[in-house]
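The next block holds one structure in the form of structure tokens; read it before the comments.
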Amino acid sequence: MKVINEQLKQEIAEREQAEKMLRESEKRYRNLVENINDVIFTLNTQGTITYVSTAIEKLFLYKADEVTGKPFDFFIHPDDLTLVLSRLERVLAGDALPSEFRVIDKNGEVHFVRTSSRPLLIENQLVGLTGVLVDISGRKQMEDELREHRDHLEEIVDERTTELKTANEQLQQEIAERKQAEAQLKHLATHDYLTGIPNRFSFEESLKNTVAKAKCGKDGSLLFIDIDNFKLVNDTKGHIAGDHLLINAARIIKENIRKSDTLARLGGDEFGVLLEETTVDEARLVAEKLRKKVEDNDFCFTNYGCFNLSICIGIVMIDGSLNSQKLLTLADTALYAAKEKGRNRIVLLDPNEETTTRLSAINQLVAQVNMAIKEDKFVLHFQPVVQVDNGKTLYHEALLRLLGEEDKLISPGDFIPVAERFGLMPQIDRWVVGESLNIMRQNPGLCLFVNISGLSLSDESLLGYIEEMITQCGMEPSRIGFEITETAAVKDMSLARRWIERLKKIGCRFALDDFGIGFSSFSYLQMLPVDYIKIDGAFIVNLDKDPSHRALVKAMNTVAHTLGKKTIAEYVENENVLETLLKLKVDCAQGYFLGIPKTLDKRDLQDKA
């Protein structure tokens with residue numbers, strides 16, 4: 001019995017100890033549960049709340065005893081009720097599923113909550129479920145704000161995408177316009193604007209190829225053709241009639257040579273023909289055929305009447321012994337000899353003998369030029385270049401004249417080609433620069449541009465002389481500028497670029513003259529850092545009447561402005577042309593309508609720019 005009592009006491013002590021530990025554990029659990037911010041709850045199998053932690057008061061303003069014994073769905077948002085009840089059924093069926101839904105607190109405010117619940121088992125018997133309610137309203141608000149922000153960003157991205165698309169379309173259009181303008185300029189590089197046949201630059205390149213073939217035994221021939229009395233037609237009937245004549249003359253010549261032969265307009269009323277692999281007799285036959293076809297053709301035009309034209313032809317054979325420049329000189333001499341004999345003639349020039357008359361005339365002109373250099377027989381005339389939009393003078397161009405016998409003025413078109421042929425231009429250019437600087441020192445308000453010959457570009461001493469003169473004269477270098485022709489620049493790009501860069505370095509300005517008649521590549525224009533592009537006057541004379549000329553001038557003006565260069569239109573002879581230039585946004589103009597070339601007059605030469 002004593003043993004039994006001791007065992008009983010021990011069991012009672014152990015049970016008391018276990019109950020004590022259980023109470024302490026329950027106390028810790030309750031403290032833990034009651035101090036958690038989330039709501040812990042239990043439901044029976046009918047969905048009635050059997051327990052809820054005090055956190056419900058902080059989150060949803062209900063006291064625990066206010067909800068205990070009530071169905072779980074009494075404070076669930078009506079729109080989420082079906083979802084919640086279906087989830088509870090699945091949990092009671094054994095699943096443990098999280099869910100998000102809305103509840104309504106005691107004040108009627110809506111909260112977003114997330115619940116995680118699982119079945120509640122006692123001795124393996126389902127008695128309900130237990131779970132946790134977490135208030136995620138703040139997160140929902142943040143998600144909504146983020147969603148709104150994301151939507152706003154998407155709207156911005158869409159707007160930017162649309163803007164970029166529009167900008168890209170505009171860029172593509174600009175590129176297309178530039179390509180079109182470049183294509184037009186490239187066409188100008190190799191073709192005559194009026195007749196559509198190759199121009200002089202292209203012809204000279206073809207001549208070099210023919211010379212190369214001749215060195216391999218495939219001789220050819222070079223024909224220079226000039227229309228007799230063409231100037232008379234131009235002067236009496238006007239430029240339009242003259243243009244019609246040139247177009248039709250080119251057509252007749254082209255129709256009567258082989259496709260393998262080359263026809264080009266060399267300038268004015270002068271054409272060149274290259275006959276591949278021909279003998280002397282064959283060249284004569286072709287020349288005679290061309291002469292006869294032109295002579296027999298009646299050139300009739302509405303409003304201008306009919307004309308009976310004739311041509312002179314100079315022939316030089318190409319056997320590979322002479323270079324292209326020498327052949328051009330001889331062909332020109334042969335043509336001159338044909339014209340001296342009268343109209344409607346053909347002359348075949350033997351490269352080993354030149355026409356005495358032609359040589360005599362050339363020698364006489366050379367002597368006059370040499371005498372002018374020694375005895376100061378040159379004269380400068382000045383023509384204004386004005387701004388199209390306001391009429392103000394930008395600068396004056398210094399134009400050279402030669403005093404001949406009895407002080408009669410000789411046009412530069414007569415003596416400069418001879419001076420270039422005999423290497424006299426560097427001396428002449430030296431005089432022009434020196435005289436221009438002297439005149440500018442005496443007239444502080446005067447700005448001048450001086451023409452530099454293509455041959456002078458190879459004279460390094462002349463470049464040094466000009467740099468020294470400008471530096472030492474103490475004058476603002478920006479008052480003087482220089483012009484070189486497009487043809488001269490293209491023939492030796494490196495020399496032209498060196499001149500431009502060195503003179504611009506000391507402050508001078510530069511213009512590219514006669515632009516549009518011989519440019520061989522649009523890329524050259526990008527390589528030359530000139531300030532002004534002077535559009536050749538052939539495109540300007542009938543600008544107000546000729547849509548094709550307007551299109552070409554617009555293209556050249558667009559490209560020049562794109563490259564940061566200003567444009568100058570030559571040969572402006574009436575108000576209509578000037579108004580057309582204003583519409584095309586050409587920067588400056590020069591021509592008889594704006595001012596004829598004249599000697600120095602302080603009243604006329606005061607620069608207003």
Side-chain angles (χ1 to χ4, degrees), residues 191-200 202-204 206-207 220-259 261-276 278 280-301 304-318 327-350 355 357-358 361 413 417 538:
H191 290 77
D192 173 55
Y193 72 94
L194 178 64
T195 61
I197 62 177
N199 60 16
R200 186 181 189 95
S202 177
F203 187 75
E204 290 184 7
S206 298
L207 178 58
S221 55
L222 170 61
L223 280 61
F224 266 22
I225 303 172
D226 184 85
I227 300 176
D228 296 325
N229 299 323
F230 176 76
K231 188 176 185 300
L232 180 61
V233 176
N234 255 354
D235 292 344
T236 58
K237 300 296 182 178
H239 288 287
I240 296 178
D243 289 348
H244 284 310
L245 285 178
L246 291 173
I247 293 170
N248 280 272
R251 175 183 55 79
I252 292 174
I253 296 171
K254 188 174 183 179
E255 290 174 350
N256 290 280
I257 59 176
R258 300 168 299 181
K259 290 184 178 180
D261 299 327
T262 301
L263 167 65
R265 183 184 175 199
L266 305 182
D269 61 335
E270 194 171 280
F271 296 88
V273 174
L274 276 175
L275 302 177
E276 302 285 347
T278 55
V280 172
D281 291 338
E282 289 171 340
R284 285 184 181 276
L285 286 174
V286 172
E288 178 59 27
K289 179 183 178 181
L290 296 177
R291 185 199 65 76
K292 192 74 168 56
K293 287 288 184 181
V294 173
E295 182 184 36
D296 294 342
N297 188 83
D298 288 330
F299 294 86
C300 297
F301 309 104
Y304 300 108
C306 295
F307 304 93
N308 296 115
L309 293 184
S310 62
I311 57 176
C312 284
I313 304 176
I315 308 173
V316 175
M317 297 307 296
I318 305 171
L327 288 169
L328 289 170
T329 301
L330 292 177
D332 185 53
T333 302
L335 178 61
Y336 185 84
K339 294 182 75 66
E340 281 188 330
K341 291 181 179 181
R343 56 195 297 272
N344 206 16
R345 297 299 179 93
I346 298 173
V347 168
L348 173 65
L349 184 68
D350 185 340
T355 304
T357 304
R358 176 65 174 164

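Please read these numbers as outputs of a predicted model, since none were measured by experiment.
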> Looking at CG of D261 and CG of L223, how far apart are the two atoms once the value is rounded to the nearest 0.5 Å?
Replying inline: 9.5 Å
> Roughly how far apart are E204 CD and N199 CG, rounded to 0.5 Å?
Replying inline: 9.5 Å
> L348 versus V280: any side-chain heavy-atom pair under 4.5 Å?
Replying inline: yes
>> Just so I know, are the side chains of E288 and R291 near enough to count as touching, which here means a heavy-atom distance under 4.5 Å?
In response: yes
> Hey, mind stepping through I227 and V294 against side-chain contact (heavy atoms from CB on, under 4.5 Å) and telling me if it holds?
Replying inline: CA-CA 9 Å; I227 300 176; V294 173; over 6 Å; no
> Sequence neighbours excluded, which residues qualify as salt bridge (Lys or Arg N to Asp or Glu O under 4.0 Å) partners of R345?
Replying inline: none
>> Which heavy atom of A538 sits nearest to which heavy atom of Y193, and what is that distance?
In response: CB-OH, 3.2 Å
> Which atoms form the tightest heavy-atom contact between A287 and I313, and what is the distance?
Replying inline: O-CD1, 3.3 Å
> Do F224 and V316 touch side chain to side chain, with heavy atoms closer than 4.5 Å?
Replying inline: no
>> Quick one, I247 with L194, criterion side-chain contact (heavy atoms from CB on, under 4.5 Å). Give me CA distance, side-chain angles, the key distance, then yes/no.
In response: CA-CA 7 Å; I247 293 170; L194 178 64; 3.9 Å; yes
> Does the side chain of D269 reach to within under 4.5 Å of the side chain of L246, using non-hydrogen atoms?
Replying inline: yes
> Going through the checks in order, is the side-chain contact (heavy atoms from CB on, under 4.5 Å) test met by E282 and L275?
Replying inline: CA-CA 9 Å; E282 289 171 340; L275 302 177; over 6 Å; no
> Between A334 and V347, what is the shortest heavy-atom contact and its length?
Replying inline: O-CB, 3.6 Å
> What do the steps show when you test V273 against I257 for side-chain contact (heavy atoms from CB on, under 4.5 Å), and what is the final call?
Replying inline: CA-CA 9 Å; V273 174; I257 59 176; 4.3 Å; yes
> Rounded to the nearest 0.5 Å, what separation is found between the NZ atom of K289 and the CG atom of N256?
Replying inline: 4.5 Å
> Does the side chain of L222 reach to within under 4.5 Å of the side chain of L274, using non-hydrogen atoms?
Replying inline: yes
> Is there a side-chain contact between I197 and F271, using heavy atoms and a 4.5 Å cut-off?
Replying inline: yes
> How many angstroms lie between atom SG of C312 and atom CD1 of I346, to the nearest 0.5 angstrom?
Replying inline: 9.0 Å
> Between the main-chain N or O of L309 and the side-chain N or O of D228, is there a donor-acceptor pair closer than 3.5 Å?
Replying inline: no
> So which heavy atom on A250 is nearest to which on L263, and how close?
Replying inline: O-CD2, 3.5 Å
> So, for G196 and H191, which heavy atoms are closest and what is the spacing to 0.1 Å?
Replying inline: O-CD2, 3.2 Å
> What distance separates L285 CG from L290 CG, expressed to the nearest 0.5 Å?
Replying inline: 11.0 Å
> Is there side-chain contact between E270 and D332, with at least one heavy-atom pair below 4.5 Å?
Replying inline: yes
> Got H244 and I240 here, is their nearest side-chain heavy-atom distance under 4.5 Å?
Replying inline: yes
>> According to side chain to side chain donor-acceptor pair (under 3.5 Å), who are the partners of T195, at least two apart in sequence or on a separate chain?
In response: D192
> How close do S221 and M317 get, heavy atom to heavy atom, and via which atoms?
Replying inline: CB-SD, 3.7 Å
> Say you draw a straight line from CG of N297 to CD1 of I252; how long is it, rounded to the nearest 0.5 Å?
Replying inline: 3.5 Å
